[in-house]
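A short write-up of the structure that comes next.
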Amino acid sequence: MASTTLLNISPLSSASPTKHLNLLSSSLITYPHHVHKRGFTILALASSSTPLINVDYLEREFCGHGVTFTGIGDNCVAKMQMSNGSTASVMFPNGLITSYKAHMWHGGNLEVLHTTVNKGEDDSAHIQGGVSLGLKCGSPDDVPWSPSTWALHDVRGSPDESIEVELISGDSESTVEVKYTVTLQPDQLSSQILISNLKASPICLMGSFMSHLTVSTPDATYAVGLEGSNYFNKLPLESEFSIIPPSFAQTESWGQRALQGLLSKWDRKDHKNTTESKGEVGEQEEMEEEERDNYKQLTEKTSRIYTSTPRIFTIIDRGKRNSLVVGREGFDEQYIFSPGSNHEWYGKYAYVCTGPSAMLKPITLNPRGVWRGGQYLHNPNL
C-alpha cells in the first residue's frame with residue numbers, strides 16, 4: 001500500500017435531536033410525518049442524546065414476528081430468529097449489526113460476523129466490527145450530516161419466510177431521511193438503505209457499508225470472482241465500529257477532504273465533472289489497476305476500492321471450510337480490506353472487511369429525490 005492513513009467516515013454528532021423525534025409527556029413518541037398502519041409509535045427520548053429503552057413495550061408492540069428485545073445500557077438489541085435456526089442481532093440507536101449466525105448443512109449454526117468488545121472511555125463496553133454503515137450527506141449550504149442515531153420504525157415478517165427490522169434517522173432540519181432495513185431470511189442477511197432528499201437543492205452522498213467477516217486467518221481466505229475488475233489501492237475506511245490493526249497510523253482523512261472539495265466545487269457552480277473524474281474526488285495515490293487473479297488470496301495487507309466488479313462474488317475460508325456470497329445493490333464500488341496474516345489465528349484480526357461503497361464517485365441525489373442501495377450476505381452452505 002502507498003500509505004497507511006485512515007479514512008475517517010465516523011458519524012457526525014448533531015447538536016440537537018432530529019425534528020422527527022417529537023418528545024411527548026408520555027413514554028412514547030410519534031412520527032407525525034409518517035402514516036403507519038399501527039399508528040406507529042417508538043421509544044421516547046430521555047434527553048436529546050440518550051434514548052429511554054422500554055423493552056417491555058417493544059415486546060408487546062412487535063410480538064409474533066420472530067424478534068426479541070434486550071436492553072443493554074443505553075442500547076437495545078433486536079434479535080431475529082428464523083425457524084431453521086439462523087439468527088441475526090442489530091443494536092439501536094447505534095445501528096450496528098453485531099451477529100449473523102447462519103444455519104449450516106451439518107445442522108449447527110456458524111457465526112459469520114467478527115466483533116470485539118473493548119472498554120470505552122466511561123468503562124462501558126464498546127463493540128466494534130459486525131456490519132456498520134458509514135455515510136455522510138452534504139450540500140454547499142449545510143454542514144455534512146451522518147445518520148448516527150437510529151430509532152426503531154417497524155418490525156415485519158415471520159420466522160418461516162423472512163424478518164425485517166426497520167430503523168429510521170433524520171437530520172436536525174428534517175431535510176434528509178434515511179431508512180435502514182435489516183432483513184433475515186433462512187439463507188441470507190441483507191441491509192438496505194432508502195435515502196430521501198426533502199430539500200429543494202441536491203445533496204451529495206458518500207460512504208460505505210463495512211462488513212467484518214470472521215475467518216480462520218486471511219492467509220486461508222480467498223475472494224473469488226474478481227478477475228478483470230478494476231481497482232484503486234486506497235486508504236482503509238475507518239468508522240466508530242471499524243477494527244484496524246495498530247500498524248495503520250491514523251492521520252488526516254482523504255475521504256473528508258474529498259467531500260469538502262466536492263461541496264466547494266458545487267458552491268462555485270462547477271460540479272459538472274466532480275462525479276466524472278476520480279482525481280477530482282480523491283487523492284491519486286495509486287493508478288487504477290486490474291485484478292488478474294480470479295482466486296485472490298487475502299494474505300497480504302490489502303485496502304482496495306473496486307470500481308468495476310461483478311455485483312456478486314464469493315469469500316472462501318479454507319481454514320473453516322465454508323464460503324459466503326457477497327452481493328450489492330445501488331452502489332457501483334466494492335471495498336475490500338484485509339489486515340494481513342501476521343496476526344494470531346482466530347484472534348482479534350482474523351477477519352476480512354468488505355462492503356459496497358460510494359467513496360471515489362459520490363452519489364448525487366436530486367431535490368425531492370429518493371435513492372436506494374444495500375448489500376446482502378448469502379449462505380450457500382445449507
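All values derive from a computational prediction rather than experimental measurement.
H343 pairs by the ring-ring contact (aromatic ring centres under 6.0 Å, His included) definition with Y349, not counting sequence neighbours. The side-chain contact (heavy atoms from CB on, under 4.5 Å) check on R368 picks up L198, with sequence neighbours excluded. With sequence neighbours left out, Y222 forms a ring-ring contact (aromatic ring centres under 6.0 Å, His included) with Y295. Partners of D317 by salt bridge (charged side-chain N to carboxylate O under 4.0 Å, His left out), not counting sequence neighbours: none found. Residues satisfying the side-chain contact (heavy atoms from CB on, under 4.5 Å) criterion with P380, sequence neighbours excluded, are S323, V325, H378. Legend: residues meeting salt bridge (charged side-chain N to carboxylate O under 4.0 Å, His left out) with R311, ordered by chain and number and at least two apart, are D332. Listed by chain and residue number, H114, H212 satisfy the ring-ring contact (aromatic ring centres under 6.0 Å, His included) test with Y351 (two or more places apart in sequence, or in another chain). Here K199 pairs with D142 under the salt bridge (charged side-chain N to carboxylate O under 4.0 Å, His left out) rule; sequence neighbours left out. In this structure T115 satisfies the side-chain contact (heavy atoms from CB on, under 4.5 Å) test together with I127, sequence neighbours excluded. Remark: L167 pairs with V90, F92, W150, L152, V165, Y180 by the side-chain contact (heavy atoms from CB on, under 4.5 Å) rule, at least two apart or across chains.
The only option from I193, L194, N197 that meets the side-chain contact (heavy atoms from CB on, under 4.5 Å) definition with W371 turns out to be I193. The side-chain contact (heavy atoms from CB on, under 4.5 Å) test with L135 singles out one residue from P147, S208, S148, and that residue is P147.
Taking each heavy atom of S191 and V131 in turn, the nearest pair found is OG-CG1, 4.2 Å. The two residues Q81 and P159 have their closest heavy-atom pair at O-CB, 3.6 Å. Taking both residues in full, the closest heavy atoms of S341 and L298 are given as OG-O, 4.5 Å, listed atom of the first, atom of the second, then distance. Contact record, S216 with G319: OG-CA, 3.4 Å, taken as the closest heavy-atom pair. The two atoms that bring S86 and Q185 nearest to each other are CB-O, 4.4 Å, heavy atoms only. When all heavy atoms of P356 and R328 are compared, the pair lying nearest together is CB-CB, 3.6 Å.
Looking at T299 and T221, their side chains never come closer than 4.5 Å, going by heavy atoms from C-beta outward. By the 4.5 Å heavy-atom criterion applied to side chains, N118 and Q128 are counted as neighbours. Inter-residue side-chain proximity for K296 and V224 is flagged as unmet; no heavy-atom pair is nearer than 4.5 Å. The side-chain heavy atoms of E177 and I195, taken from C-beta on, include no pair separated by under 4.5 Å. Annotation: side chain of S357 is in contact with side chain of I305 (closest heavy-atom distance under 4.5 Å). The closest side-chain heavy-atom distance from D219 to Q297 is below 4.5 Å.
If you chain together ILVMFWY residues whose side-chain heavy atoms come under 4.5 Å of each other, M104 ends up grouped with L110.
Using cut-offs of 30° and 60° on the angle between ring planes, the pair F209 and F331 is perpendicular.
Using a 4.0 Å cut-off between a side-chain N of Lys or Arg and a carboxylate O of Asp or Glu, E291 and R304 qualify as a salt bridge. Between R156 and E166 there is a salt bridge, with a side-chain nitrogen of the basic residue lying less than 4.0 Å from a carboxylate oxygen of the acidic one.
For the ring pair (Phe, Tyr, Trp, His ring centres under 6.0 Å) condition, the pairs that include at least one residue of residues 305-326, sequence neighbours left out, are Y231-Y306.
Between the side chains of E111 and S99, at least one donor N or O lies within less than 3.5 Å of an accepting N or O. Under the 3.5 Å distance criterion, with hydrogens and angles disregarded, no donor-acceptor pair is assigned to the side chains of E290 and S229.
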